[in-house]
There are 2 protein chains.
Amino acid sequence: MAPRPRIKDVAEYAGVSPKTVSNVINDYEHVSEKTRSAVREAIEALGYRVNIAGRQLRKGRTGMITLAVPELDVAYFAELAKHVMAAADRRGLTVLLHQTGGARERELAALHGFDAQFTDGTILSPLSLLPRDLATRDTRLPVVLLGERSQPGSADHVGIDNVAAAREATEHLLARGRRSIAVVGGALTGRQGTDRLRTRGYREALRAARVPFDADLVVPVDAFHWQDGARAVGAVLRRDARPDALLCLNDHLALGALRALHEAGLAAPRDLDVVGFDDIEAGRFSVPSLTTVAPDKTAIADSAVSLLLDRIERRGAEEATDHVVEHRLVVRESSGG
Amino acid sequence: MAPRPRIKDVAEYAGVSPKTVSNVINDYEHVSEKTRSAVREAIEALGYRVNIAGRQLRKGRTGMITLAVPELDVAYFAELAKHVMAAADRRGLTVLLHQTGGARERELAALHGFDAQFTDGTILSPLSLLPRDLATRDTRLPVVLLGERSQPGSADHVGIDNVAAAREATEHLLARGRRSIAVVGGALTGRQGTDRLRTRGYREALRAARVPFDADLVVPVDAFHWQDGARAVGAVLRRDARPDALLCLNDHLALGALRALHEAGLAAPRDLDVVGFDDIEAGRFSVPSLTTVAPDKTAIADSAVSLLLDRIERRGAEEATDHVVEHRLVVRESSGG
DNA sequence: CGACATATTTACATCGATGTAATCGGCGTG
DNA sequence: CACGCCGATTACATCGATGTAAATATGTCG
């Protein structure tokens, strides 16, 4: 099989120097129309295509960024990935998508490993990363974190105000007269993750409404999948007092909960209210449709890509910034909408 | 800011030649334990990481493959991507994920563009590609197609037997006494895509059961999303004769249809049956849960990666192969399961 | 028509890593 | 003790493209 032609082959075919071919490829202005078309023809005739490795080696940039998320089959991340790719595209960047499975080791690899050295920067949505992992990271590699609030100053960060979001969702339920609200996926201790921030917002809303907090209503889950939501409902229903609302910390949990409620002969919003987070498409079409906290995904993606590009271009070690993106509560059938 | 160290810097630090460092990095066997650890220390001390561009330039391979799918927020593709990444991982490959939006231009770019020349090969799930695009493609770039049956011989291909799958799904509905089965997303003319193959299987089942075919029951859709399924049901219900089953050509359509039926006061399987394709997770938790044709996604991903790797390694222009992967009908509530 | 400015093209070095082949050094053997 | 052998190490060229700076062509003006 014929090897792929190199710039030299094109040069010989067109009767010019390799550098002239390079100039044509890169739209250098001082190339006569005649040579330009001759080179173009040669490229066409030989089926030449730039070898990116050679180019990168010389130019020092790949024009690619890494997006590392826990799991693509979690709809929120798939939708987010779509937006990030679109945002990157607008800026002429290509996205290398990576799944970490939420494992610390793989998140570290996203920060330092193969991809990180290969692409110009990384957008990471961490689950298990520890503060010290960020503190000791190689700051020559530009990074933007999504979702959880990072240690201040360790890296740029983009996310919604999770405490406020959970507070608003809880207020909505309280306003509907709900008083016994379970937090599915909630956490009181452990890492300062999204779950803890949202649980805090929930408690703030309770306190403001003078509704006593009941730790039994915080229902932990293994993961944030449909099945975990279903399982959690099973656990909740076995208790003697049934809650009158479920604040599920993401839509998958909420949808799994809806399914389990249905199996138990209960329905939202008749018997209790259900609210989720993320506004994934499935929640718009579920029966009942799902009330949810909708983060502005477009804005998240846009900010993340901009911040990253800034880091890449001014390699300087500026202060890390913290970008807070809008969110809004979308009230649908599952809580009376 | 200090530039990233090169292999030369490590060599100087360790007091050996650059090539020796390279040998350590690549686990060359004839390196004394002493030098090996000295080099390792130097690498550690300087925070050295291999520059992939340099390596690829020299080795001619990136160890990366491209996976190009229409849209990540279509759950089937997200789930498939997850499996492909896992399969690639097992073989030491990294996946560059690309969204084409189903646009021909971007699918072509996946075959020939930036990624294609950059990675070692491409797995493409085409929607709009024309036969001639494949016929004229640069066969030096290894490609595996997913989903639709390609022109024989043009490229390796992996997929389920769509005709048989649709036939079985239809037989299932017929066996339940359904006689007026609408095909949501079906197509009688146009490209030889998945939709046409599945419609053909549907017709074969009807014919075998001596149920007359009614072209009005083939309901076209703009795209294969939730909303299109909902819209299609709206159109179907405006007719005078209501069908007694919906064969939806993917799960998103089916779930959108379930939602629209609910809004119309109808329910599956009481008033009519609903069946989908793809077995996405949402269908296991919907109300009612969704009967669907489940392709073996693990097998699809595995075959695709193997075939591609074969192509990459034996660059020869062997015959293109056609891999048919298992599928099975999963009967759930929406058709009486 | 010559001097000089401007436009076009080219030679050469270089990015970082690694394959090839040559060199070096230590050890066993006759 | 010289020789041969083999494992360890190194010098050098090379992968493909492009930046730099110099060379060459073209054109303008007095």
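In this text, all values refer to a predicted model and were calculated from it rather than measured experimentally. In what follows, chains carry the letters A, B, and so on, assigned in the order in which the sequence lines appear, proteins first and then strands, with residues in each chain numbered from 1. When reading the values below, keep in mind they use all heavy atoms of this one structure, side chains included, and skip hydrogens, waters and symmetry mates.
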Closest-nucleotide 5' rank along DNA chain D - winner of B:Gly54 and B:Pro18
B:Pro18
Rounded to whole angstroms, how far apart are NZ on A:Lys59 and C1' on C:dG16?
18 Å
When the distance from CG of B:Leu57 to P of C:dG16 is rounded to whole Å, what number comes out?
12 Å
May I have the distance from B:Gln56 (atom CD) to D:dA17 (atom P), rounded to whole angstrom?
11 Å
Can you tell me if the side-chain N/O atoms of B:Arg58 get under 4.0 Å from OP1 or OP2 in D:dT14?
no
Counting only side-chain N and O atoms of B:Ser17, is one of them less than 4.0 Å from OP1 or OP2 of D:dT9?
no
Over all strands shown, is A:Val16 touching base, sugar-phosphate only, or nothing at heavy-atom distances under 4.0 angstrom?
sugar-phosphate
Could you please name the option among C:dG19, D:dG16, D:dT9 that lies closest to any side-chain atom of B:Thr20?
D:dT9
Roughly how many Å is it from CZ in B:Arg36 to P in D:dA8, rounded to a whole number?
9 Å
Taking salt bridge (charged side-chain N to carboxylate O under 4.0 Å, His left out) as the test, write out the residues that go with A:Asp302, two or more places apart.
A:Arg90, A:Arg91
Minimum heavy-atom separation for A:Leu97 and B:Met85, please, with both atom names.
O-CE, 3.4 Å
B:Thr20 versus B:Ser17, side-chain donor and acceptor atoms under 3.5 Å:
yes
Interatomic distance where CG belongs to B:Asn23 and C1' belongs to C:dT18 [whole Å]:
9 Å
To the nearest angstrom, how far is B:Arg55 atom CZ from C:dC15 atom C1'?
16 Å
Measure from NZ on A:Lys8 to P on C:dA11 and round the result to the nearest Å.
13 Å
Please tabulate the protein-to-nucleotide N/O contacts below 3.5 Å involving nucleotides 23-25 of chain D, giving atom names and distances.
none

The residue among A:Asp156, A:Val158, A:Asp310 that forms side-chain contact (heavy atoms from CB on, under 4.5 Å) with A:Thr321 is A:Asp156
With rounding to the nearest 0.5 Å, note down the distance linking CG in A:Asp73 to CZ in B:Phe77.
15.0 Å
So if I apply the side-chain contact (heavy atoms from CB on, under 4.5 Å) rule between A:Thr100 and each of A:Glu107, A:Glu105, A:Glu71, which one comes out positive?
A:Glu107
Nearest 0.5 Å, what's the CG-CZ distance between A:Asp89 and B:Arg106?
4.5 Å
Suppose we call a contact any N or O donor and acceptor under 3.5 Å apart; does that hold for the side chain of A:Lys19 and the base of D:dG19?
yes
In Å and rounded to the nearest 0.5 Å, what is the CE to OG1 distance from B:Met64 to B:Thr94?
6.0 Å
Counting side-chain heavy atoms from CB outward, which of C:dA17, D:dG19, D:dA17 is closest to A:Tyr48?
D:dA17
Strand contacts (DNA chain D) in residues 24-35 of chain B, 4.0 angstrom heavy-atom criterion
B:Tyr28, B:His30, B:Val31, B:Ser32, B:Thr35
Would you check if there is a donor-acceptor pair between the side chains of B:Ser32 and B:Thr35 at a distance under 3.5 Å?
yes
